[in-house]
Novice: 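Just dropping this structure here.
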Amino acid sequence: MSRYNFKENEAKWQAAWEQAACFNAPNTDDGRPKYYVLEMFPYPSGRIHMGHVRNYTIGDVIARYKAARGFSVLHPMGWDAFGLPAENAAKLKGVHPRTWTLENIAAMRAQLKGMGLAIDWQREIATCHPDYYRHEQKMFLDFLAAGLVYRKESWVNWDPVDQTVLANEQVIEGRGWRSGAPVEQRKLAQWFCRITDFADELLDGLDSLSRWPEKVRVMQAKWIGRSAGARVFFSLRGQPRGVADRLEVFTTRPDTLFGASFCAISPNHPLAAALAKEDAAVADFIAACARLGTSQEAIETAEKQGLRTAMRARHPFVEDMDLPVYIANFVLMDYGTGAIFGCPAHDQRDLDFARKYDLPVRPVVLPPDADPKTFAIADEAYVGEGTAYNSAFLDRLSVEDAKAAAIARLQELGHGEGATQYRLRDWGVSRQRYWGCPIPAIHCGDCGIVPVPESDLPVELPDDVDLSGPGNPLARHPTWSLVDCPRCGAAARRETDTFDTFFESSWYFARFCSPRAAIAFERAAVDHWLPVDQYIGGIEHAVLHLLYARFFTKALKQCGYLSANEPFAGLFTQGMICHETYCDPDGVWLSPDDIRQDPGGEPVTADGRPVRVGRSEKMSKSKNNTVDPARIIETYGADTARWFMLSDSPPERDMEWTAAGIEGAFRFMQRLWRLVTEAAADLPAPGSPIPGDIAAEALSLRRATHKTIAAVTEDIEAFRFNRAVARIHELANALSEFRTGSTSMTAGDRWVLRESLETLARLCGPMVPHLAEELWRCLGGTRLLAGEAWPQADAALTVDTAITVAVQVNGKLRGTVDLPRNSPDDTAREAALALPAVARLLADGPPRKVIVVQNRIVNVVI
RNA sequence: GCGGGUGUGGCGGAAUUGGUAGACGCGCUGGACUCAAAAUCCAGUUCUGGCGACAGAGUGUCGGUUCGAGUCCGACCACCCGCACCA
């Protein structure tokens with residue numbers, strides 16, 4: 001029995017596609033409808049991982065399918081080439097970030113090409129290339145002119161030993177990952193994008209993104225977090241000298257002001273800093289808070305702690321009431337005004353705080369049906385609807401009305417005003433790193449901040465850089481930052497911050513439309529192709545990357561670069577790849593490659609030691625449970641890897657990688673090949689007319705074939721690749737059965753067999769393109785399958801004429817009856833009642849009720 | 001902590017969106033072919049009881065709505081993702 005040689009064939013067909021330039025997209029309209037399919041571009045870490053294989057397989061299926069459906073498809077690839085890992089590699093291995101990155105790109109490009117992706121490689125871009133980032137610098141200058149970027153001070157994690165700013169992931173339990181030194185917080189003047197100017201537009205625009213997953217839209221909406229409420233001004237007593245006597249607080253619950261029992265300010269609040277100057281205990285407390293780092297997760301999961309200050313805040317409505325003011329570690333400076341008032345009865349966090357510091361808990365919202373005399377708060381704050389009480393002029397108002405009344409009174413008294421607050425903060429884009437796009441600005445002692453003139457772009461990174469020492473390498477470079485002020489000519493310094501790498505990924509999808517243009521975007525190309533029709537990537541980008549790209553698109557539109565409102569019309573978020581974990585007796589994580597089976601089938605190490613099998617987890621280096629796609633493709637071929645990726649698990653869900661699964665996929669590839677090659681010699685010539693007489697078995701195969709076309713088409717459209725795979729399995733099963741069943745085939749049989757096999761090859765094309773090309777050629781195809789049209793299902797053949805209807809008694813299945821499609825309800829009813837199993841149960845009398853759902857079910861109620 | 005999600009046989013999953021739970025695949029069991037193995041082919045495979053026809057149970061847990069619930073509602077449990085300097 002001969003076998004399909006994937007190695008030979010995959011190389012052969014990849015070369016054929018390249019030679020035919022099948023996947024090169026036109027720059028503009030070529031008369032066909034356009035379809036832009038894009039997967040999130042990879043960070044060039046050096047090798048592709050299984051997540052890439054899944055991502056690019058999904059995108060490739062869509063790209064090839066849409067091409068077969070007659071679309072003009074743009075499907076490009078590039079590299080998200082700036083970022084921290086290149087600098088880490090430089091520190092560890094002494095290799096220059098550029099060299100490391102470019103070598104990684106070369107290696108990964110070769111791996112991706114080996115997957116047989118239908119990509120227009122002529123459009124490849126790398127964000128670390130000056131011909132890419134020069135346009136980004138121009139955009140920055142335009143944003144600056146348009147007031148979309150500005151400088152302000154903000155806090156960063158500072159490693160006092162390495163003299164460097166740390167990313168949140170580099171802060172581990174309050175310490176720097178390399179130095180182990182306790183992390184401090186520092187204030188730094190940095191560049192920000194005014195994404196908050198677009199908060200309403202970004203929020204309201206979500207409604208137009210009907211082809212985005214609901215969950216992503218919800219996450220973005222919550223992230224933007226528009227909330228209506230009030231700013232309340234508390235007069236202060238006991239504040240440090242020289243500090244204003246007013247504390248500004250934002251609240252969404254002005255209706256609960258009468259339940260207030262304290263105020264709290266953020267450790268980063270200016271008032272806290274002023275207090276710290278006079279009070280060592282305050283300074284110590286602030287320093288302790290700073291060690292948590294800047295991540296919201298760390299701050300909010302830490303134990304709630306507060307420090308009572310000498311300050312008192314006067315209640316805006318109650319003359320003789322004043323509240324203690326705390327500094328509290330859970331109050332965020334970045335949200336609202338960096339200060340809150342606490343109403344323990346109606347906010348859980350405030351309640352926890354009040355219990356800890358023994359503050360009064362006074363309920364002011366009465367739940368419906370509760371008795372005001374007995375209602376009390378125990379361990380749970382009451383956050384629901386109700387009526388105001390214990391609240392003077394607010395008494396008996398609903399929560400909603402009380403809010404409005406409280407705001408009106410605040411305004412009247414000059415103690416506050418209605419306000420809309422967003423959770424969204426402006427986007428800090430400054431990074432104190434080498435391997436990023438230089439921010440094109442100059443600091444002049446006389447002129448202040450001066451933009452780099454456009455004619456001087458790009459501002460290129462220097463090559464001669466020392467990454468081994470502490471601090472920002474660009475700032476330490478002896479000459480790079482020395483420059484004359486473009487405005488006054490005096491000696492000045494370049495900005496040594498580089499952009500957040502989210503900057504590059506915020507516009508790359510648009511650059512693909514005209515990747516070699518001298519300007520960022522050729523207008524005709526970008527207006528033709530945008531928005532991306534289908535964007536595909538991991539759910540982990542649900543908020544940040546996708547929100548920044550949306551902001552960028554709106555900002556670029558405002559600056560006249562393009563016409564699109566939104567970058568991605570359709571979004572699909574795929575799940576992660578998981579694998580079992582293995583541990584040796586010493587607790588060391590073992591790679592799946594190192595696991596053997598002993599004669600009893602138990603897992604052991606290569607040297608025979610027992611292995612503990614752990615639960616399946618996301619593939620990661622730390623758990624050592626990764627499987628290298630290169631090895632899989634080498635052993636089984638790209639088609640097998642792609643097929644397994646698409647089988648079983650729905651693409652939005654996490655998938656389980658197993659050795660048995662990949663072997664099953666491999667066997668199916670072989671089976672398809674046998675199915676076609678063994679039948680090929682017996683078939684009529686391609687394009688022969690259908691013979692007059694088709695026997696019953698052949699007709700049934702035709703029905704199966706056309707049903708498969710309809711089902712697979714629907715499944716691909718809906719991203720249900722696992723179902724498409726199952727349907728193709730079923731067609732293969734039907735074909736096997738047909739071939740075994742017919743010893744001598746009529747002309748009709750042979751014709752139907754050809755139709756079915758051709759369909760099989762076409763339907764497989766987007767998923768396993770190399771094998772499908774080979775099958776296609778074996779069946780007499782003279783052109784590339786990659787250029788062929790998608791098959792059409794004949795509607796007359798996809799509908800069954802006979803239906804099996806389920807018969808239930810009291811909802812419990814008791815049998816089935818076969819009926820012609822669309823039989824009248826009475827016929828179904830009679831047939832159901834005639835069933836012996838039903839008749840037996842009806843011995844005691846007639847049914848109380850019979851429910852008939854046509855073509856589905858008959859339920860007899862007794 | 002806050003926000004978002006997931007949960008169905010031994011395993012991955014399917015279920016026309018309220019109508020025959022377990023399609024399809026993996027694994028396992030038995031058989032055919034073979035000196036033997038691999039490959040391939042055939043049959044079986046939710047669980048419990050029964051030789052059997054069959055009966056009962058069953059979609060994370062508990063409760064509800066309905067002629068009928070994996071699907072809808074309420075409460076809970078477990079696990080996963082994100083949290084603004086990883087990308």
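Each chain gets a letter, A, B and so on, in the order its sequence line appears, and its residues count up from 1.
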Novice: Which pairs, protein N/O on one side and nucleotides 79-82 of chain B N/O on the other, fall under 3.5 Å?
Specialist:
from: C79(B); atom 1: O3'; to: R615(A); atom 2: NH1; distance (Å): 3.1
from: C80(B); atom 1: OP1; to: R615(A); atom 2: NH2; distance (Å): 2.7

Novice: Tell me the salt bridge (charged side-chain N to carboxylate O under 4.0 Å, His left out) pairs involving residues 650-662 of chain A, sequence neighbours left out?
Specialist: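 Salt bridge (charged side-chain N to carboxylate O under 4.0 Å, His left out) check on residues 650-662 of chain A returns no pairs.
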Novice: Regarding T164(A) and R178(A), is there a side-chain donor-to-acceptor distance under 3.5 Å anywhere?
Specialist: no
Novice: Per the side chain to side chain donor-acceptor pair (under 3.5 Å) rule, what does the pair list look like for residues 186-197 of chain A, sequence neighbours excluded?
Specialist: S154(A)-Q190(A), Q190(A)-Q432(A), W191(A)-E495(A), T196(A)-D426(A)
Novice: Strictly under 3.5 Å: I want the nitrogen or oxygen pairs between protein and nucleotides 65-67 of chain B, one per line.
Specialist:
from: C67(B); atom 1: O2'; to: N859(A); atom 2: ND2; distance (Å): 3.2
from: C67(B); atom 1: O2; to: N859(A); atom 2: ND2; distance (Å): 2.5

Novice: Would you mind reading off the distance between K707(A) atom NZ and C24(B) atom P, rounded to a whole angstrom?
Specialist: 13 Å
Novice: Using a heavy-atom cut-off of under 4.0 Å over every strand shown, decide if L424(A) touches base, sugar-phosphate, or nothing.
Specialist: base
Novice: Run the ring-ring contact (aromatic ring centres under 6.0 Å, His included) test on F668(A) and F666(A) for me, step by step, so that the C-alpha distance in whole Å, both residues' side-chain angles and the decisive distance to 0.1 Å come before the verdict.
Specialist: CA-CA 5 Å; F668(A) 189 67; F666(A) 182 75; over 10 Å; no
Novice: What interatomic distance, in whole Å, is found between C1' of A78(B) and the corresponding atom of U8(B)?
Specialist: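 Going atom to atom, C1' in each nucleotide, I get 16 Å.
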Novice: Please produce a list of atom pairs where a protein N or O lies less than 3.5 Å from an N or O of nucleotides 52-59 of chain B.
Specialist:
from: A57(B); atom 1: OP2; to: K812(A); atom 2: NZ; distance (Å): 2.8

Novice: Taking both distances under 3.5 Å as the test for a Watson-Crick or G-U pair, what stems of at least three pairs does RNA chain B have?
Specialist: B:1-7 with B:77-83, B:10-12 with B:24-26, B:27-32 with B:40-45, B:46-49 with B:54-57, B:60-64 with B:72-76
Novice: Between C77(B) and G60(B), how far apart are the C1' atoms? Round to whole Å, please.
Specialist: 7 Å
